[in-house]
Amino acid sequence: MSDQATHIIPGQSAVSRLSELATSGLTTAVVVAVLIFLPLLLGGSWTFTLGLCFANSIGVLAVSLLVRYGGEVSIGHTFFTALGAYSVGVLDTRYGISLWASVPLALLLGVVFGLLFAWPSRNLHGIYLAVTTLALALAVPEMINNFDVLTGGYEGLYVATPFIPGIEMGLQRYYVALFMLVIVCLAVARLRLSRQGMALLLAKAHPAAADAFGTRRVWARVSIMGISGGIGAICGATLAFSGSTVSPGGFTFWQAIFLLVGSVVSFYGLSLTRVLIGGAFVTLVPQLLSASGAWIPVFYGLALLGMILLGHYMPRIRNAMNRKAEAN
């Protein structure tokens with residue numbers, strides 16, 4: 001689940017390459033193990049917040065996947081998160097159906113609407129596609145309110161049906177979100193190692209070569225938008241269950257911007273560790289700055305700038321430290 005491709009360097013042994021892969025997998029395993037036992041040390045409020053962090057991390061992954069494999073930026077992924085969230089909210093509130101049925105429905109709707117959106121916009125690139133997705137983000141709250149008979153309008157919906165009956169809901173909201181994040185990251189890792197994933201990446205990097213192998217760039221763009229939309233819908237479904245409520249205020253234009261910010265902070269990484277960094281920035285930083293009053297935008301901007309600079313210079317700092325260690 002590493003974000004870096006494995007390159008064969010002359011003189012590098014097979015044992016060394018396997019060691020690098022094992023280290024990445026070990027890091028992910030350690031992070032997951034720590035997160036599993038974390039509720040034993042934290043209070044209920046932190047458990048609730050971390051559940052939202054895991055859900056937002058899935059949304060960050062959806063945006064990053066579109067950038068990495070489609071080469072495009074989306075400012076409208078709140079449309080897909082709203083689809084997933086209201087799939088869970090409506091089935092729970094109206095029919096008492098739990099996540100067992102609503103998550104597959106959310107995934108299906110996300111993929112279908114991703115494909116429906118991608119097909120007419122398949123020839124748009126860059127700022128034109130970004131503005132098109134912006135229209136989605138601006139329309140979502142109004143669409144929710146106009147279908148208030150189903151969505152509950154401004155009042156929203158309350159999600160209370162447990163995933164597994166008999167277990168405390170506070171713990172379920174945390175562990176279900178963590179489980180969803182791990183499953184989605186594993187699925188993306190499998191996609192990246194598959195022939196289909198390689199074909200999608202080739203269509204982005206070398207369209208002519210991909211076309212020669214039978215993979216048209218148009219179909220690759222439409223496919224990756226469908227996959228990204230499906231992951232975005234899972235993010236919304238997880239947010240609905242972890243946050244216990246679904247309302248239009250959770251799917252505004254600014255929420256779409258925050259997902260994009262989380263993707264930038266994680267440097268469009270697709271591993272669990274990377275997307276967790278993006279999700280934590282989106283979820284935790286605003287809460288930590290909540291007491292700063294009018295200075296919140298200033299401090300948030302400085303934190304964003306600091307994270308970007310840190311990520312940019314970290315490889316250079318690491319290389320300098322390695323050279324110094326070798327010299328000693």
Side-chain angles (χ1 to χ4, degrees), residues 1 28-62 80-111 150-152 155-191 227 229-247 250-251 271-273 275-276 279-280 282-284:
M1 297 169 68
T28 301
V30 169
V31 170
V32 172
V34 170
L35 293 175
I36 289 174
F37 291 102
L38 208 53
L40 302 177
L41 306 175
L42 301 177
S45 61
W46 273 106
T47 302
F48 175 80
T49 302
L50 287 176
L52 297 179
C53 174
F54 301 151
N56 283 323
S57 298
I58 299 174
V60 169
L61 177 60
F80 301 108
T81 58
L83 274 178
Y86 276 94
S87 297
V88 171
V90 170
L91 289 182
D92 185 294
T93 304
R94 311 293 186 195
Y95 307 105
I97 299 175
S98 71
L99 290 183
W100 292 104
S102 55
V103 167
L105 175 63
L107 176 60
L108 176 63
L109 289 175
V111 171
L150 184 66
T151 64
E155 295 181 1
L157 302 171
Y158 183 68
V159 179
T161 303
F163 185 65
I164 301 176
I167 299 178
E168 182 188 348
M169 281 298 291
L171 291 177
Q172 286 199 51
R173 297 188 196 281
Y174 177 91
Y175 284 113
V176 167
L178 177 59
F179 174 76
M180 291 289 189
L181 175 60
V182 172
I183 291 298
V184 172
C185 286
L186 287 174
V188 170
R190 290 293 301 272
L191 172 67
I227 296 171
I231 295 175
I234 292 177
C235 164
T238 309
L239 276 172
F241 185 78
S242 298
S244 73
T245 57
V246 185
S247 66
F251 309 101
S271 68
L272 185 141
T273 306
V275 299
L276 268 176
V282 170
T283 309
L284 302 181

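With rounding to the nearest 0.5 Å, the separation of OG1 in T47 from CG in L42 is 5.5 Å. The structure places CG of L181 at 9.5 Å from CG of L186, a figure rounded to the nearest 0.5 Å. Between S242 atom OG and L52 atom CG the span is 6.0 Å, to the nearest 0.5 Å. The structure places CD1 of I231 at 11.5 Å from OG1 of T238, a figure rounded to the nearest 0.5 Å. A distance of 3.5 Å separates OG1 of T161 from CG of D92, quoted to the nearest 0.5 Å. Atom OG1 of T93 sits about 4.5 Å away from atom CG of L157, to the nearest 0.5 Å.
Across every non-hydrogen atom of A233 and A106, the tightest pair is CB-O, 3.1 Å. Between P162 and S98, the closest heavy-atom pair is O-CB, 3.7 Å. A pairwise comparison of heavy atoms in V103 and A237 identifies CG2-CB, 4.3 Å as the closest pair. Considering every non-hydrogen atom in both G51 and A177, the closest pair reads O-CB, 3.4 Å. Smallest separation of non-hydrogen atoms from G279 and C53: C-SG, 3.7 Å. Annotation for P104 and A101: closest pair CD-O, 3.3 Å, computed over non-hydrogen atoms.
Contact check for L284 versus W46: side-chain heavy atoms found under the 4.5 Å cut-off. S271 places none of its side-chain heavy atoms less than 4.5 Å from the side chain of T28. Taking 4.5 Å as the limit, every side-chain heavy atom of I58 sits out of range of all side-chain heavy atoms of V275. For the pair F80/C235, no side-chain contact is recorded, criterion being any heavy-atom separation below 4.5 Å from C-beta on. Looking only at side-chain heavy atoms (C-beta outward), Y175 and I167 stay at 4.5 Å or farther from each other. Using a 4.5 Å heavy-atom threshold, the side chains of V246 and V159 count as touching.
For R94, the CZ atom counts as densely surrounded, since its 6.0 Å shell holds more than 12 non-hydrogen atoms of other residues, nucleotides or ligands.
Remark: the backbone N or O of F241 is paired with a side-chain donor or acceptor of R173 at under 3.5 angstrom.
Aromatic rings of F54 and F179 (six-membered ring for Trp) have centroids beyond the 6.0 Å cut-off, not under it.
Aromatic ring orientation, F163 versus W100: parallel (interplanar angle below 30°, classes split at 30° and 60°).
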L35 vs L276, side chain to side chain contact (heavy atoms under 4.5 Å, CB included): CA-CA, chis, key distance, verdict | CA-CA 11 Å; L35 293 175; L276 268 176; 3.7 Å; yes
